[in-house]
Amino acid sequence: MAYRGLIHKYGRRMAISQSATPITLFEGDTPLIDAPRISAWVGGGAKLWLKCEGMNPTGSFKDRGMTAAVTEAVHHGASALICASTGNTAASAAAYAARAGITCCVLIPEGKIAMGKLAGAAAYGAQILAIDGSFDAALELVRLAAERAPIALVNSVNPARLQGQKTAAWEIVEQLGRVPDLVCLPVGNAGNISAYWLGFCENSDRERPKMLGAQAEGAAPIVRGEIVREPETRATAIRIGNPARWLQAEDAVRESAGLILSVTDEEIFEAYHAVAELEGVFCEPSSAAGIAGLRKAMSNGDVDARERDVVCVLTGHGLKDPDSVFDGTPKVVRIGANLDELLRALASEAGVPA
Ligand SMILES: *Cc1c(COP(=O)(O)O)cnc(C)c1O
C-alpha cells in the first residue's frame with residue numbers, strides 16, 4: 001500500500017491518541033544509503049550508512065516529531081501552536097499548522113537563524129517573533145507563555161515529539177535488516193538522541209546499538225557537565241547551552257554503553273564538506289557533527305567500529321543553510337563564452353584533458 005506517513009504506518013506503536021486524525025505531510029520513510037567513500041574518510045574500518053533526514057517534507061527530522069505533536073494538539077482542540085526554534089522546528093511547526101489550518105507562532109534568537117529555515121517558516125505563514133537572546137531564553141519564554149495562554153507548545157519537551165521521532169530507529173532496523181552497532185548523531189536540545197534510544201529499546205530488549213552523540217565545542221553543556229550561558233558555534237541547530245532533555249540523553253548514552261563528545265566547528269565543517277563531496281549528500285553543518293564525532297572517536301580509540309554497521313543520522317538538508325557552503329564568496333571561475341576558453345578551463349580547473 002502507498003506510504004501515507006508515520007502515524008499511518010506506526011501509530012499503534014506510538015503513545016498518542018489512537019482516535020486522532022493524523023495531520024501529515026507523509027513524513028518519514030527517508031533513505032538509508034551506504035557510504036563507502038565517507039567510511040574510508042572516517043577511517044577505522046567501519047561500514048557507514050547515512051540516514052538522510054533532510055528528505056523529510058520541510059527538510060529536517062523535526063517533521064517526524066511534528067506530525068505527532070500537531071496531531072495530538074489538534075485532537076485536543078488547539079487552535080494555535082508555539083515553539084522556540086533555532087530554525088528547523090519553526091519551519092516544521094509552521095508547515096504542520098498550515099496543514100491543520102491553525103495558527104503558528106515561532107520565537108527565534110535574533111540573527112542566528114539560517115536563511116532557508118526562516119524562509120520556510122515565513123512561506124508556511126507563521127507569525128515569526130525574534131528576541132535578543134539565546135535559544136534557551138526563547139524556550140523558557142514559550143514554556144511560560146503556553147502555561148498562561150491557550151496555545152500548544154510543540155518543542156521537544158512535548159512528549160508526542162519523541163513518539164514521532166523514535167520511528168526513525170525502527171526504519172533503520174527495517175532498512176538495514178538488522179540493528180546497527182553504532183548510531184551517531186548531533187545533540188542540541190537532546191530530544192532526538194533520547195527518541196532514537198527509546199525507539200531502539202522498544203524494538204528489542206537485547207539487540208541495541210551504542211549511541212554516539214556529538215556536541216559543538218562551544219555549545220557542549222553535557223560534555224562539560226555544566227550549563228553554557230553563551231553557546232557559540234556556526235552549527236546553529238545545535239547552538240544550545242541548556243538542553244531540555246539533558247538527563248534523558250545521559251541515560252541513553254550510559255545505558256547503550258555509548259559516548260557523548262564534542263567536536264570543533266572546524267571538524268564539523270570538514271565532515272560537512274566531505275560528505276557532500278564524497279557521497280553527493282548535502283546536509284546542513286549541524287548534521288555533520290555526528291560524522292565528525294565518529295571520526296574523532298575512532299582516532300582516539302574511544303570506539304572500535306571495525307567491520308561494524310554504523311549509522312550517521314544527517315538531521316537536516318544542506319539547502320537550509322546555503323551561506324555555510326561558501327566561506328565568503330562562491331568559488332566560480334568566469335570564462336569567455338567560447339569553446340576555446342571552455343576547453344582551456346576544463347583542462348586547468350577540472351583536469352579534463354583537451
Ligand atoms: C534540531 C536539530 C538538531 C538537534 O536535535 P535535538 O533533538 O535538539 O538534539 C540537530 N540537527 C538539526 C538539523 C536540527 O534541526
Side-chain angles (χ1 to χ4, degrees), residues 3 6 27-64 88 116 165-188 192-193 195-197 199-200 209-216 235 237-238 258 261 263 267-299 303 305-321 324-325:
Y3 184 78
L6 288 183
E27 58 296 310
D29 197 26
T30 58
L32 179 74
I33 69 171
D34 62 321
R37 289 191 192 85
I38 202 77
S39 299
W41 182 82
V42 163
K47 184 163 172 35
L48 258 68
W49 304 80
L50 306 175
K51 182 65 171 161
C52 300
E53 289 290 281
M55 301 301 284
N56 276 297
T58 78
S60 84
F61 75 83
K62 298 297 197 303
D63 295 341
R64 289 183 188 273
N88 282 331
Q165 287 167 215
K166 74 182 180 184
T167 61
W170 300 342
E171 279 180 19
I172 288 171
V173 175
E174 287 169 26
Q175 290 170 316
L176 205 56
R178 54 192 177 272
V179 175
D181 299 291
L182 180 65
V183 172
C184 310
L185 75 176
V187 174
N192 213 28
I193 192 168
Y196 270 80
W197 183 239
F200 284 117
K210 287 187 199 304
M211 302 299 296
L212 185 155
Q215 296 195 298
I238 53 173
L261 79 179
V263 282
E267 290 165 329
I268 292 173
F269 273 77
E270 265 183 82
Y272 160 78
H273 288 296
V275 68
E277 289 171 15
L278 296 175
E279 300 290 358
V281 177
F282 184 26
C283 64
E284 65 173 276
S286 304
S287 303
I291 297 176
L294 173 67
R295 189 176 194 225
K296 189 172 212 168
M298 302 259 238
S299 69
V303 296
R306 202 176 309 277
E307 315 252 319
R308 301 284 169 80
D309 291 314
V310 179
V311 173
C312 290
V313 180
L314 302 185
T315 45
H317 201 287
L319 289 174
K320 288 273 192 171
D321 188 3
S324 282
V325 184

> What's the spacing between S39 OG and W49 CH2 if we round to 0.5 Å?
Replying inline: 9.0 Å

>> So, taking the atom named CG in L6 and the one named OG1 in T167, what distance separates them when rounded to the nearest 0.5 Å?
In response: 4.0 Å

>> Rounded to the nearest 0.5 Å, what separates atom NZ in K62 from atom CD in E27?
In response: 15.0 Å

> Can you list every pair that meets salt bridge (charged side-chain N to carboxylate O under 4.0 Å, His left out) and has a residue in residues 166-188, with sequence neighbours left out?
Replying inline: K9-E174, K51-E171, R64-E171, K166-E202, R178-D309

> What distance separates L185 CG from W197 CH2, expressed to the nearest 0.5 Å?
Replying inline: 12.5 Å

> Per the side chain to side chain contact (heavy atoms under 4.5 Å, CB included) rule, which among V173, I172, V179 passes with P209?
Replying inline: V179

> Measuring from S60:OG to H317:NE2, what's the distance to the nearest 0.5 Å?
Replying inline: 11.5 Å

> Do any N or O atoms from the side chain of E267 and from the backbone of G293 form a donor-acceptor pair under 3.5 angstrom?
Replying inline: no

> Between L314 and S287, what is the shortest heavy-atom contact and its length?
Replying inline: CD2-O, 3.6 Å

> Just how far is it from atom SG of C283 to atom CG of L319, taken to the nearest 0.5 Å?
Replying inline: 11.0 Å

> Would you call the rings of F269 and Y272 parallel, tilted or perpendicular if under 30° counts as parallel and over 60° as perpendicular?
Replying inline: perpendicular

> Does any non-hydrogen side-chain atom of V42 lie less than 4.5 Å from one of I291?
Replying inline: yes

> Of all heavy-atom pairs between P186 and V313, which one has the smallest distance, and what is that distance?
Replying inline: CD-O, 3.8 Å

>> Can you give me the closest heavy-atom contact between D34 and K47, atom names plus distance?
In response: CB-NZ, 4.2 Å

> Would you say the side-chain atoms of Q165 and N192 include a donor-acceptor pair closer than 3.5 Å?
Replying inline: yes

> Which heavy atom of W41 sits nearest a heavy atom of A271, and at what distance?
Replying inline: CH2-CA, 3.6 Å

>> Quick check: closest heavy atoms across A214 and I238, and the distance to 0.1 Å?
In response: O-CD1, 4.5 Å

>> Quick check on side chain to side chain contact (heavy atoms under 4.5 Å, CB included): which of L212, V303, L294 does L261 satisfy it with?
In response: L212

>> Any non-hydrogen side-chain atom of N88 less than 4.5 Å from a side-chain atom of K320?
In response: yes

> What residue pairs, at least two apart or across chains, pass salt bridge (charged side-chain N to carboxylate O under 4.0 Å, His left out) with a residue in residues 277-293?
Replying inline: K117-E284

> Within the distance-only criterion (no hydrogens, no angle test), does the side chain of Q175 pair as donor or acceptor with the backbone N or O of T30 below 3.5 angstrom?
Replying inline: yes

> Of all heavy-atom pairs between N56 and F61, which one has the smallest distance, and what is that distance?
Replying inline: ND2-CA, 3.8 Å

